[in-house]
Amino acid sequence: MKILNIIFIIQCLIVLINCQCDAGDNPYPIYNEAPVLVNQTEYAKLYSIGPVGNQVNLIELFGTPYQRGFAQGQLLKSQMHDIYDNFFNYITIMVNDLISKYADYLPKFLIDAIEKGGVKLALDITAELTKKHTPEHFFEEMRGLADGSGVAYNTILQLHMFPELIKAACSMVGAYNQSTLNHGLLQLRALDFGFDPMNPLRLHPTVMIYHPEESDGGHDFAVLSWAGFLGTLTGYSQHVGICEKYWFGYNGTSSREGIPFHFLLREIIQYDTSIDEALDRINNAQRTCAVFMGLGSNSTNTFKAVEYSHQYVRVFDDQTPFPAYAPTPAAHPQITDVVYIDKFVQPSNHQCLASVLQKSWGSIDATALINAAAQLQTGDLHIGLYDFAENQFYVSVGTQEGPLGNPNITIVPAYARQFIQVDLNQFFK
Ligand SMILES: *[C@@H]1O[C@H](CO)[C@@H](O)[C@H](O)[C@H]1NC(C)=O
Ligand SMILES: *[C@@H]1O[C@H](CO)[C@@H](O)[C@H](O)[C@H]1NC(C)=O
Ligand SMILES: *[C@@H]1O[C@H](CO)[C@@H](O)[C@H](O)[C@H]1NC(C)=O
Ligand SMILES: *[C@@H]1O[C@H](CO)[C@@H](O)[C@H](O)[C@H]1NC(C)=O
Ligand SMILES: *[C@@H]1O[C@H](CO)[C@@H](O)[C@H](O)[C@H]1NC(C)=O
């Protein structure tokens, strides 16, 4: 063990309270029953998976980008309407709240646009600025979604721009080699969106399993998303897994013109087979928002965290002090074969995540990371956990039950609910 780790543990013993997390372990066993087929069309199969009262869609998509967009639109039509009909009101409240809290939250031209034409105008402008940097297949898939679901194409395009306007907290962990029980790579991605009962994204969580056809290229991949949303915030292939977290405190230059980061992340899981390929893609991209990304690779059995921004890209691993190569804070000790970022603004002085990871070091498995998320209380809207060696995708989602605004529904965040295991050996070619 590193000297720093020992110092950290001694500090913990002295200041016991700081080491302690806010909550205990996740109380549920992992749900591991097979998905149930619900409906199908020529280019998609829709399943449901999960325990009673906590089910998620699982949709397998085949064909060209247009064909699979169309098939998803057909099969998830009413669910897409639930989300799209409520989304813009919700995001308007959220964005206005963020603007009032953070002076430099959005550039002036976007704030002016919101005052003049509402959030939809800001989303239209974002779509315009990112258009020429976005691969054509995303537009084809969105056209398919529109034609299959009956939601207007422009509305679909607008919704797909929202990640460029919001800032989510989130945590990530990559643990591999000596740190894990099976010595393979495990990757945790916890999405903290601010779990609001009125958030329509909680209604229809969807695991999408893509089988890209030859004309499109790439390999099979799985994402955890919402009915009718094609960007990737949480996703995995047998080669590469991704995480993402908003980077508060980035002080470099910014741009609104480039490829939306959630489309870039999907390019990575569809096409890239190693961290180096993903980093090449990141380095060569016209980048917009400043976010932290996490990249895991099966072939090298490693994980790297990335400071991703318009101006520069910096890469961190278990040997590099994070963030910014600055001296490692006591609460963020370097841990061999573990790379992690907690849900707080970085550098974080919260000791929970490091202490949980140190305690389970050498025997980290899916349950240990599920418990880490529960103890840190991270991942309110959803959590994805990828076990590369076994090719398993574990997901947990916040309460799905609707309708929105019904005060009688108790809303429980993803980290406190039962995780669902998706065996991708069954689906990946
Ligand atoms: C299955 O999908 C088709 C095509 O969208 C739809 O017309 C039909 O109503 C669906 N069936 C069920 C049982 O949901
Ligand atoms: C895994 O750990 C062992 C022991 O520390 C080390 O010798 C080996 O190089 C590591 N493997 C990788 C892929 O880093
Ligand atoms: C920006 O942040 C980095 C560390 O993240 C720091 O070294 C640098 O001085 C900062 N620059 C400005 C202009 O604040
Ligand atoms: C991923 O790693 C596992 C174990 O290290 C290996 O069995 C499997 O073939 C790898 N998968 C791919 C697609 O390389
Ligand atoms: C909530 O529960 C109360 C008491 O059971 C009931 O009267 C009320 O109609 C419910 N509200 C909604 C929106 O379902």
Side-chain angles (χ1 to χ4, degrees), residues 35-49 55 57-63 66-82 86 144-151 174-187 197-198 203-204 206 209-212 217-222 227-228 235-242 268-278 295-303 337 364-366 385-393 399 401-411 423-429:
V36 176
L37 186 66
V38 174
N39 200 351
Q40 57 186 318
T41 65
E42 194 177 353
Y43 294 107
K45 283 184 180 164
L46 176 64
Y47 306 80
S48 169
I49 186 169
Q55 284 165 336
N57 298 317
L58 190 158
I59 190 165
E60 256 192 299
L61 300 160
F62 305 84
Y66 180 86
Q67 285 164 337
R68 57 190 191 228
F70 190 88
Q72 175 172 178
Q74 270 187 314
L75 289 176
L76 296 177
K77 182 177 181 150
S78 70
Q79 304 194 6
M80 276 183 64
H81 278 274
D82 282 348
N86 292 294
L145 260 188
D147 294 347
S149 66
V151 176
Y176 46 90
N177 201 6
Q178 301 298 306
S179 71
T180 57
L181 190 60
N182 67 6
H183 291 188
L185 170 63
L186 286 168
Q187 183 171 345
M198 294 302 288
L203 297 176
H204 301 296
T206 302
I209 297 176
Y210 279 81
H211 303 286
H219 38 249
D220 289 356
F221 62 95
Y236 161 87
S237 74
Q238 270 187 295
H239 307 277
V240 176
I242 58 92
I268 288 174
I269 54 167
Q270 179 168 354
Y271 296 108
D272 295 341
T273 60
S274 67
I275 292 176
D276 286 345
E277 281 180 24
L295 300 171
S297 157
N298 194 50
S299 60
T300 54
N301 202 34
T302 54
F303 182 93
D337 296 340
I364 295 176
D365 59 5
L385 169 54
Y386 329 137
D387 178 341
F388 287 75
E390 304 294 334
N391 199 23
Q392 302 296 307
F393 189 30
T399 302
E401 194 184 346
L404 296 172
N406 181 338
N408 297 344
I409 299 171
T410 307
I411 306 291
D423 179 4
L424 289 174
N425 294 309
Q426 226 181 294
F427 293 105
F428 284 177
K429 279 173 263 173

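The structure presented is a predicted model; accordingly, all values stated were derived computationally and were not measured. In each ligand, atom 1 is the first atom listed, and ligand 1 is the first ligand listed.
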Cut-off 3.5 Å, side chains only: do D387 and Y236 have a donor facing an acceptor?
-> no
Considering heavy atoms of the protein only, find what lies nearest to atom 9 (O) of ligand 4 and give residue, atom and distance to 0.1 Å.
-> N298 ND2, 4.8 Å
Between Q79 and N57, what is the shortest heavy-atom contact and its length?
-> OE1-ND2, 2.6 Å
Taking only heavy atoms of Q74 into account, list the atoms of ligand 1 that are under 4.0 Å away from them.
-> 5 (O)
Closest contact, heavy atoms only, S297 versus I275 | CB-CG1, 3.4 Å
Do F393 and F428 make the cut of ring centroids closer than 6.0 angstrom?
-> no
Among all protein heavy atoms, pick out the one at the shortest distance from atom 14 (O) of ligand 5; state its residue, atom name and that distance to 0.1 Å.
-> N406 ND2, 3.4 Å
Near L75 (heavy-atom distance under 4.0 Å), the atoms of ligand 1 are 2 (O)
What is the closest protein heavy atom to atom 13 (C) of ligand 4, and at what distance does it sit?
-> Q238 CB, 3.7 Å
Just to confirm, does any protein heavy atom lie below 4.0 Å from atom 11 (N) of ligand 1?
-> yes
If you measure every N/O of N39 against every N/O of ligand 1, is any gap under 3.5 Å?
-> yes
Heavy-atom pair of closest approach, residues H219 and I269 = NE2-O, 3.0 Å
F427 and L58 have their tightest heavy-atom pair at CZ-CD2, 3.9 Å
Side-chain donor-acceptor contact under 3.5 Å, H239 with N298 | no
For atom 5 (O) of ligand 5, decide whether some protein heavy-atom distance is shorter than 4.0 Å.
-> no
So which protein heavy atom does atom 1 (C) of ligand 5 come closest to, and at what separation?
-> N408 ND2, 1.4 Å
of all protein heavy atoms, closest to atom 7 (O) of ligand 4 is A389 O, 4.9 Å
